[in-house]
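Let me begin by presenting the structure, written as structure tokens, before commenting on it.
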Amino acid sequence: MNEYALRALTLLEETFGKGGDARTFFSPGRANLIGEHIDYNGGRVLPCSLSLGTYAAARRRDDGRILLVSADMPGETVSALYAELLSLPQEPGSYSRFGWGAYPLGVCAKLARAGFSSGGFEMAVTGSLPRGSGLSSSASLEILTCAVISELYGADLDGTAAARLSLEAERDCAGVNCGIMDQFVCAVGRRGEAVLLDTHTLDYEYIPFDTGDCELLIMNTRKPRRLADSKYNERRAECAEALRLINENRLSPYPSLCAIAPEEFPAAGRALPPALLRRARHAVTENARTKLAADAMRRRDMAELGRLFNASHDSLRDDYEVTGRELDSIVNAARAQEGVLGARMTGAGFGGCAIALALRGKAGDAARNIARIYHAETGYECEILEASTADAPFGGARG
Ligand code: GLA
């Protein structure tokens, strides 16, 4: 058994006692390769599930009570009656008293309301994702809860339903208005593959993520992301407004910004003031880059993938304005290294992580130099991890 799974099991037994039929579970974190800030604009995204993630040990209880404990706060248990959750208003105010437990309890409530069988259980949680790093620890915890309920109670969930209900829990119970990318890839990701997800239709396909001579580096800026939530909502509102203005005089309105083809954009964008024009241009061009990136991965053309990483970051910096000093510094430091094919921020931005594609023999030196330059420029000690991909709970068997 993996050390984290063992830790979760020990925590379960120390907190709630030995006995019962406890099982262990894993749900990955994610890195988005490309397709940033377009999962709420009907675009295509291309994330992969990581071997860094969240672990649980869990077992059923027959009294309808849900008891939770986290390795981050070992002495404090979260407790709720399953029946109580069913009558609780689905809004952040009702869930805030549960602290971190709002995520798993929100998922329990959503599953129950959607008719998936469930009941009481005890769950101990730990994880290997660096804290606050923007690698989707909350989506990972939500999908972990889906996996636990599905296993303990035989709830007949598939990855799409798990992602949808987890997203609803995140929005309604935890109050974060994100898109569906993180929950989706944490649910259906697979080792050795990335997920090309069309966020308009929720159709998805696996793209081989065989980096060949390259490594994917995950560079954690360790910059706290306090601004992220408010700016995230601001960008969402700007995109909604841009779409409204573009559609104002159209007979057949676009369903989303990403439904606008790049060649239609110069005409469509004429309706927009300068800032909204830049936001919308990012959505349209990023959607096109994601398709090119999936094509490049199918051909194993890592040089082209690296070029697209760079173009994506530049668009997020200049048009979407979600990078900031630390992410720009670490990305520039990476790009200046021999053997680095491209680098970009990943996730919401304003801090958190960036990724770089580096030639295998050069990755170690590159990582050391990046850390040195980044520290000199920002004062932060970064953390650089070599990413490997992992199977998610609803990834299904390989064909
Ligand atoms: C966060 C959100 C995602 C997505 C990314 C940006 O991670 O949770 O839904 O919008 O930001 O691509």
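Start at 1 and go down the list; that is how both ligands and their atoms are numbered.
Among all protein heavy atoms, the one lying closest to atom 8 (O) of ligand 1 is Asp182 OD2, 2.7 Å. Shortest contact from atom 9 (O) of ligand 1 to any protein heavy atom: Asp39 OD2, 2.6 Å. The closest protein non-hydrogen atom to atom 5 (C) of ligand 1 is Met181 CE, 3.9 Å.
The ligand atoms of ligand 1 that sit less than 4.0 angstrom from a heavy atom of Tyr40 are 10 (O). Each of the atoms 6 (C), 11 (O) of ligand 1 lies under 4.0 Å from some heavy atom of Gly347.
Ion pairing between a basic and an acidic side chain is recognised when a charged N comes within 4.0 Å of a carboxylate O; Arg235 and Glu238 show such pairing.
More than 12 heavy-atom neighbours from other residues, nucleotides or ligands sit within 6.0 angstrom of CZ on Arg335.
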Stepwise ring pair (Phe, Tyr, Trp, His ring centres under 6.0 Å) check, Tyr204 with Phe184: CA-CA 10 Å; Tyr204 65 102; Phe184 211 93; 5.1 Å; yes

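Between His37 and ligand 1, a contact under 3.5 Å exists for at least one N or O pair. When only interatomic distances are considered, the shortest N/O to N/O separation between Gly179 and ligand 1 falls below 3.5 Å.
Ring geometry, Tyr40 versus Tyr232: the interplanar angle exceeds 60°, so the pair is classed perpendicular (tilted spans 30 to 60°).
When ring centroids are compared, Phe121 and Phe16 stay outside the 6.0 Å threshold.
Residue contacts with ligand 1, taken as heavy atom pairs separated by less than 4.0 Å, involve Arg30 solely via side-chain atoms from C-beta onward.
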Considering only distance and modelled atom types, tabulate donor-acceptor pairs under 3.5 Å from the side chains of residues 65-74, sequence neighbours left out.
| residue | atom | partner | partner atom | Å |
| --- | --- | --- | --- | --- |
| Arg65 | NH1 | Ser79 | OG | 2.6 |
| Ser70 | OG | Asp72 | N | 3.0 |
| Asp72 | OD1 | Arg131 | NH2 | 3.4 |

